[in-house]
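Quick notes on the structure that follows.
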2 protein chains.
Amino acid sequence: MALIFNKRDPIYMQVMHHFRRLIVSGELKPGEEMPSRRQLANQMKINPNTVQRAYSEMEEQRLIYTEANTPSKVTEDPDIVKQLKKEWLDQALTHFVSAIDPVDISLDELMTMIEEKLANRKKGN
Amino acid sequence: MALIFNKRDPIYMQVMHHFRRLIVSGELKPGEEMPSRRQLANQMKINPNTVQRAYSEMEEQRLIYTEANTPSKVTEDPDIVKQLKKEWLDQALTHFVSAIDPVDISLDELMTMIEEKLANRKKGN
DNA sequence: TATAGTGTACTAGCTATATAATACAGCTAT
DNA sequence: ATAGCTGTATTATATAGCTAGTACACTATA
C-alpha cells in the first residue's frame, strides 16, 4: 500500500480518507490496531505530526480510540462503522448525481457507462 | 446564480468549475459573451485578479477566447466543447466508480440508489 | 533502571492563495 | 476629444493552513 499523495488536498486529509476507505471496505476490522504515528510517518515519508492530526480527527469522529501509550485501534462500535459506510455511499452518490446533472444523457446510457467502467475497473484499467 | 464558495478549493478554480459546468450544460453557448472580469468580480464579491486567473486558465484550455479589449467569449470550436463534455462525464464516472469500489454492494442495488437520488434531485432535495 | 517505544503539546516557518493598488493600451459611444 | 468601458501586467502585502521540529509524559520490557 504505497498511497500516492496529490498536492491539492492536505496530507492529513488524504491519510484520513485512506483509513476511512479501509474501514469501509472491511480491510481494517473493529478493534484492529492502527500503525503507530511514527511508524506510519516513516512508511509514508511524512511528518509524525501530520499523522497525529489525521488520527486525532479520526478519534474525534469516534472512528478510532486510544488507550494510554498504546497504538490507537479501530472502533468496536458497529453503529459507527455502519454509519460510516452509509455516509460514504451516500456521499459518493450525491457527488455523482450532482456532477452528472448538467450532462444531457439518458438514464439507460448512464447505466451502461457505469457498467462498463465497473467492468474495466476490475480488469485493472 | 449566487455561487457559494467553499473554503477548501481556491476561488479561481471554483470559478473555472462554474463556467465549465455552464458550458457542459449548454447554458453558455458557443460564441456567447462571458461577463467582463470586473463585472464578475463585483457580482461574486471577489477580486478582479482572481477572475483574471480563472479566465486566463480557461483561455489556455481554449474554452474561451479573447479579442482585443472586448469581453472573452465561449469557444466556437465544437470539438473543444465536445471534448469538454466527454471529459466531464468520464471524470464523473471515474470518480464515482473509484469511490464506490470499497463498498460491498451489488450492481442492482447501486442502480436503484442512483435512480432514487436522481429522482430526489429533481424534486429539489 | 535504562532504553525504546507509545501518544501528546507547543511553536515556528513555509507556501499557496487571495487581495489590493496601480498602471497601461485599446476600443466605443457620448 | 473625453469618459468609461474592455483586457493585461506587475508588485506588494496579508493571511490561513499545513507541515516540521522539538520537547514532554508515560509505559513496558529487557
Side-chain angles (χ1 to χ4, degrees), chain A residues 2-20 22-23 28 30-76, chain B residues 2-20 22-23 28-77:
Chain A
L3 187 53
I4 297 156
F5 296 110
N6 70 59
K7 288 178 185 174
R8 275 242 50 83
D9 304 310
I11 295 176
Y12 79 95
M13 281 194 177
Q14 298 182 56
V15 171
M16 290 176 65
H17 186 263
H18 172 69
F19 282 104
R20 293 166 64 92
L22 289 179
I23 296 174
L28 260 183
E32 193 167 337
E33 215 174 60
M34 304 275 291
S36 90
R37 273 81 165 158
R38 290 175 176 83
Q39 263 182 18
L40 190 68
N42 279 333
Q43 272 183 30
M44 293 186 167
K45 312 286 185 194
I46 59 181
N47 193 282
N49 286 325
T50 305
V51 178
Q52 164 63 2
R53 172 135 191 209
Y55 275 29
S56 65
E57 290 215 14
M58 284 192 282
E59 184 151 19
E60 274 186 16
Q61 298 169 3
R62 309 279 175 192
L63 293 177
I64 64 178
Y65 67 94
T66 311
E67 286 157 351
N69 305 310
T70 153
S72 305
K73 292 173 184 168
V74 177
T75 181
E76 297 179 3
Chain B
L3 187 51
I4 297 156
F5 296 109
N6 70 60
K7 288 177 184 173
R8 276 245 49 83
D9 304 311
I11 296 176
Y12 78 96
M13 282 195 176
Q14 298 184 56
V15 172
M16 289 176 65
H17 187 262
H18 173 69
F19 281 104
R20 292 166 65 93
L22 289 179
I23 296 173
L28 260 182
K29 295 181 181 56
E32 194 168 336
E33 216 172 60
M34 304 275 290
S36 89
R37 271 83 166 158
R38 290 176 177 84
Q39 260 182 20
L40 190 67
N42 279 335
Q43 272 183 32
M44 293 187 167
K45 311 290 184 191
I46 58 181
N47 194 283
N49 288 327
T50 305
V51 178
Q52 164 63 4
R53 174 142 187 205
Y55 275 30
S56 64
E57 289 214 16
M58 286 192 281
E59 184 150 20
E60 274 184 18
Q61 298 169 1
R62 310 278 174 193
L63 293 177
I64 64 177
Y65 68 94
T66 311
E67 287 158 348
N69 305 311
T70 153
S72 304
K73 292 175 185 167
V74 177
T75 181
E76 296 179 4
D77 184 337

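Letters go in sequence order (proteins before strands), and every chain restarts at 1. Just so it is clear, the values below take in all heavy atoms, side chains as well, and ignore hydrogens, waters and symmetry mates.
Spacing between atom CZ of A/R53 and atom C1' of C/dA9 amounts to 14 Å, rounded to whole angstrom units. Atom CD of A/Q52 is separated from atom P of C/dT11 by 16 Å (rounded to the nearest Å). Atoms CG (B/N47) and P (D/dT8) sit 16 Å apart, rounded to a whole Å. In this structure, the CG atom of A/N69 is 17 Å from the P atom of C/dA4, given to the nearest Å. For B/K7 and C/dA16, the NZ to C1' distance is 18 Å, given to the nearest whole Å. Regarding A/E57, its CD atom lies at a distance of 14 Å from the P atom of C/dA9, rounded to whole Å. Distance, A/L40 CG to C/dG7 P: 10 Å, rounded to whole Å. Rounded to whole Å, atom P of D/dC18 lies 11 Å from atom CE of A/M16.
Of the side-chain N and O atoms in B/T50, none sit less than 4.0 angstrom from OP1 or OP2 of C/dT17. Within the structure, a side-chain polar atom (N or O) of A/R8 is placed less than 4.0 Å from OP1 or OP2 of C/dT17.
Taking both residues in full, the closest heavy atoms of A/I64 and A/S72 are given as CD1-CB, 4.0 Å, listed atom of the first, atom of the second, then distance. The nearest pair of heavy atoms linking B/Y55 to B/L40 is OH-CD2, 3.6 Å. For the pair A/M58 and A/F19, the tightest heavy-atom approach, listed with the atom from each and the gap, is SD-CB, 3.8 Å.
For C/dG5, the base has no donor-acceptor partner in the side chain of A/R38 [N/O atoms by modelled type, under 3.5 angstrom].
With C/dT19, D/dA20, C/dT6 as the choices, the nucleotide that has an atom nearest any side-chain atom of A/P71 turns out to be C/dT6. Of the candidate nucleotides C/dT17, D/dG7, D/dT19, D/dG7 has the atom lying nearest to any side-chain atom of B/S36.
Here A/S72 lies in heavy-atom contact (under 4.0 Å) with sugar-phosphate atoms only. Using a 4.0 Å heavy-atom distance criterion, B/Y55 is classed as making no nucleic acid contact. As judged by a 4.0 angstrom heavy-atom cut-off over every strand, A/Q39 is placed among residues touching the sugar-phosphate backbone only. Residue B/E59 is in sugar-phosphate contact alone, with no base atom involved, counting any heavy-atom pair closer than 4.0 Å across all strands shown.
Along DNA chain D, the nucleotide nearest B/N49 and the nucleotide nearest A/Y12 are compared for position; the residue whose nucleotide lies closer to the 5' end is B/N49. Judged by closest nucleotide on DNA chain D, A/I11 is the one of A/I11 and A/A68 placed further toward the 5' end.
Using modelled atom types, no side-chain atom of A/E57 and backbone atom of A/M16 make a donor-acceptor pair closer than 3.5 Å. A donor-acceptor pair under 3.5 Å links the side-chain atoms of A/Q14 to the main chain of A/N6, judged by distance alone.
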